[in-house]
Structures are given as structure tokens and as C-alpha cells.
Amino acid sequence: MLTQKDISLSPESILLADGGTITIRPIHPDDADDLQNTFMRLSTQSIYLRFLSYKKALTDEEALRLATVDYNTQMAFVATMIENGHEIVVGVSRYALLDKVHPKTAESAVIVGDEFQGRGIGKLLLWKLVNYAKAKGFDHLRGNLDMGNTRMLDLIKRSGLPHHQRYVDGIWEVNIEISGSGK
Ligand SMILES: CC(C)(COP(=O)(O)OP(=O)(O)OC[C@H]1O[C@@H](n2cnc3c(N)ncnc32)[C@H](O)[C@@H]1OP(=O)(O)O)[C@@H](O)C(=O)NCCC(=O)NCCS
């Protein structure tokens, strides 16, 4: 399990409960192509739950933008695995400063490729993000969830992190309090 002090930018190799191994590391611009490949393997439902809209592919510009963060006001971690001898991205967690009026709140999102869900990767990516954001001085992570996204809501509930949710324009706006967290 990741610890509260784990804000390292070094890649971290983690053994999953089912015996698989993932590496969690900060994203970098070279990951843009891999993000596009990962996107093409996502189900329509996962795309909708992550982006709250339907899209068929990530454009080169979108992929590069998603892969380029400043590691401070914006951060993203990728979970990778080796498939046929190549590193592939199987999940991403990210945050971005919401706006300057709320300097301690970041908007966040997590996605795990359909073939890799249910193996603990989403939980690991969430904790990695929480610990990093906390170390960077954020005290809340905010996510916009489709009202049917019980899986993500359950993940947040089971994390034990204090949170509250409110219904805004047909979606759940979930605010996770991370300042007191430590896992
Ligand atoms: C939500 C999401 C990120 C979860 O990722 P994941 O890797 O499947 O989650 P994990 O395997 O870490 O599971 C977390 C918990 O859910 C449980 N779980 C996993 N699969 C489950 C399933 N099919 N049904 C019910 N519970 C499940 C796990 O047992 C685990 O429970 P624990 O906390 O008690 O250990 C993933 O389903 C996803 O990418 N969904 C589409 C995008 C999305 O909805 N993102 C969130 C909005 S931005």
C-alpha cells in the first residue's frame, strides 16, 4: 500500500493481489501516443464515465495536452504494464488546479482500461494522486461523476476519505477532503 509520504516521482513497481505487476509513474509528453492507444481500447461506457461525453478518439492535440503537466498545479500518474514486450498504459489518475479563486482545490479524474478494471489499479492510482496532491498543498479533490457511476462512488466511499457529494446539473459533484488523509 502506498504511504502518506509516497510523493516520489520515481517509477514504483507494485505487485497486485492477483499476481500481476504494474508500474505507477508520473506521466510525460512521450506518453501521448500510448494515451491514444489506450483510449482506443476503452469501452464506450468507460469513455462516457470519464469524460461525461462520447468521443471516438483522442486527437493528437488532446493526447499531448493530457500527457503534458507541470507536476504542480497539474499532475497525472500512469499505471503501466508490459504487454507483448512493450510498456502499455492501463490507467491514469490526474488532477488540475480548478481555478485561482480556489487554490487548494483540484479537479480530478481516474480511469482504468476495461480489461484491467477490478484488480485494484484504480484504488492505487487514486491514493497516489491523493498523497501527491496533499504534499502539493491541496486540501480537496473534486470530481464530476455520472449519477450512475456507483463504482467510482464506492471506491471513494471505501477509501475512507471524508467526502461530500451534491447533485449539480444532473451529475454528482464529489468533493474529497484530503488534508487529513494518511494511507
Ligand atoms: C472507477 C474505476 C476508475 C475503478 O478502477 P478499478 O481499477 O476497476 O478499481 P479497483 O479495482 O481499484 O477497485 C476498487 C474497489 O472496487 C471494488 N471493485 C472492483 N471491481 C468491482 C466490480 N466490478 N463491482 C463492484 N466492485 C468492484 C474492488 O474490490 C475495490 O474494493 P476495495 O476498495 O474494497 O478493495 C474504473 O472502473 C474506471 O475507469 N471506470 C470508468 C471511468 C470512470 O468512471 N472514472 C471515474 C470518473 S472520472
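Worth knowing before you read on, the calculation uses all heavy atoms, side chains too, and leaves out hydrogens, waters and symmetry mates. Small disclaimer: the values here were computed from a predicted structure and weren't measured. Whatever order the structure lists ligands and atoms in, that order sets their numbers, starting from 1.
For the pair K55 and F51, the distance from NZ or CZ to the six-membered ring centre is under 6.0 Å and the angle to the ring normal is within 45 degrees.
Atoms of ligand 1 lying under 4.0 Å from at least one heavy atom of A109, given by number and element, are 48 (S). Every atom of ligand 1 with a heavy atom of G118 under 4.0 Å away is listed here by number and element: 6 (P), 7 (O), 8 (O), 11 (O), 19 (C), 20 (N). For ligand 1, the atoms sitting less than 4.0 Å from at least one non-hydrogen atom of N149 are 43 (C), 44 (O), 46 (C), 47 (C), numbered in the order shown with element in parentheses. Near G122, with a cut-off below 4.0 Å to any heavy atom, the atoms of ligand 1 are 5 (O), 6 (P), 7 (O), 9 (O), 12 (O).
Within a 6.0 Å radius of CD in E87, other residues, nucleotides and ligands contribute more than 12 heavy atoms.
Ligand 1 has no N or O atom lying under 3.5 Å from any N or O atom of S108, backbone or side chain. On a distance-only criterion, V110 and ligand 1 share at least one N/O pair closer than 3.5 Å.
Remark: minimum distance from atom 29 (O) of ligand 1 to any protein heavy atom is reached at R158 NH2, 4.5 Å. In terms of protein heavy-atom proximity, atom 47 (C) of ligand 1 is closest to L145 CD2, 3.4 Å.
If you look at D154 next to ligand 1, there are no close heavy atoms at all, none under 4.0 Å. Only backbone heavy atoms of R119 (N, CA, C or O) come within less than 4.0 Å of ligand 1; its side chain stays farther off. Under 4.0 Å from ligand 1, heavy atoms of I111 appear from its side chain as well as its backbone. Here L125 has no heavy atoms under 4.0 Å from ligand 1, in either its backbone or its side chain.
The closest non-hydrogen atom to atom 21 (C) of ligand 1, taken over R94, R151, K157, K123, comes from R151. Looking at I47, L155, V112, L16, it is V112 that brings a heavy atom closest to atom 39 (O) of ligand 1. Among A17, S46, G120, the residue whose heavy atom lies nearest to atom 11 (O) of ligand 1 is G120. Among Q45, M152, Q117, E107, the residue whose heavy atom sits closest to atom 40 (N) of ligand 1 is Q117.
Separation of atoms OG1 (T80) and CD1 (I88) is listed at 8.5 Å; rounding is to 0.5 Å.
Closer than 4.0 Å to atom 2 (C) of ligand 1 lies none of the heavy atoms of the protein. Within 4.0 Å of atom 14 (C) of ligand 1, at least one protein heavy atom is present. Under the 4.0 Å distance rule, the nearest protein heavy atom to atom 6 (P) of ligand 1 falls inside the cut-off.
The shortest side-chain heavy-atom distance between I156 and L145 falls under the 4.5 Å cut-off.
When the side chains of ILVMFWY residues are joined at heavy-atom separations under 4.5 Å, either directly or via intervening members, L49 and F116 end up in two distinct hydrophobic clusters.
One finds no salt bridge joining R25 and E12 here, because no Lys/Arg side-chain nitrogen approaches an Asp/Glu carboxylate oxygen to under 4.0 Å. Under 4.0 Å is where a charged nitrogen must lie from a carboxylate oxygen, and between E177 and K104 no such pair does.
Side-chain atoms of D31 do not come within 3.5 Å of backbone N or O of D34 as any donor-acceptor pair.
For the side chain to side chain contact (heavy atoms under 4.5 Å, CB included) with I22, the qualifying choice from I82, L16, L125, L15 is L16, the only one to do so. Exactly one residue among R142, K136, Q74 makes a side chain to side chain contact (heavy atoms under 4.5 Å, CB included) with Y95. That residue is K136.
Judged by distance alone, the side chains of E107 and N144 do bring a donor and an acceptor atom under 3.5 Å apart.
Taking both residues in full, the closest heavy atoms of A79 and I121 are given as CB-CG2, 3.8 Å, listed atom of the first, atom of the second, then distance.
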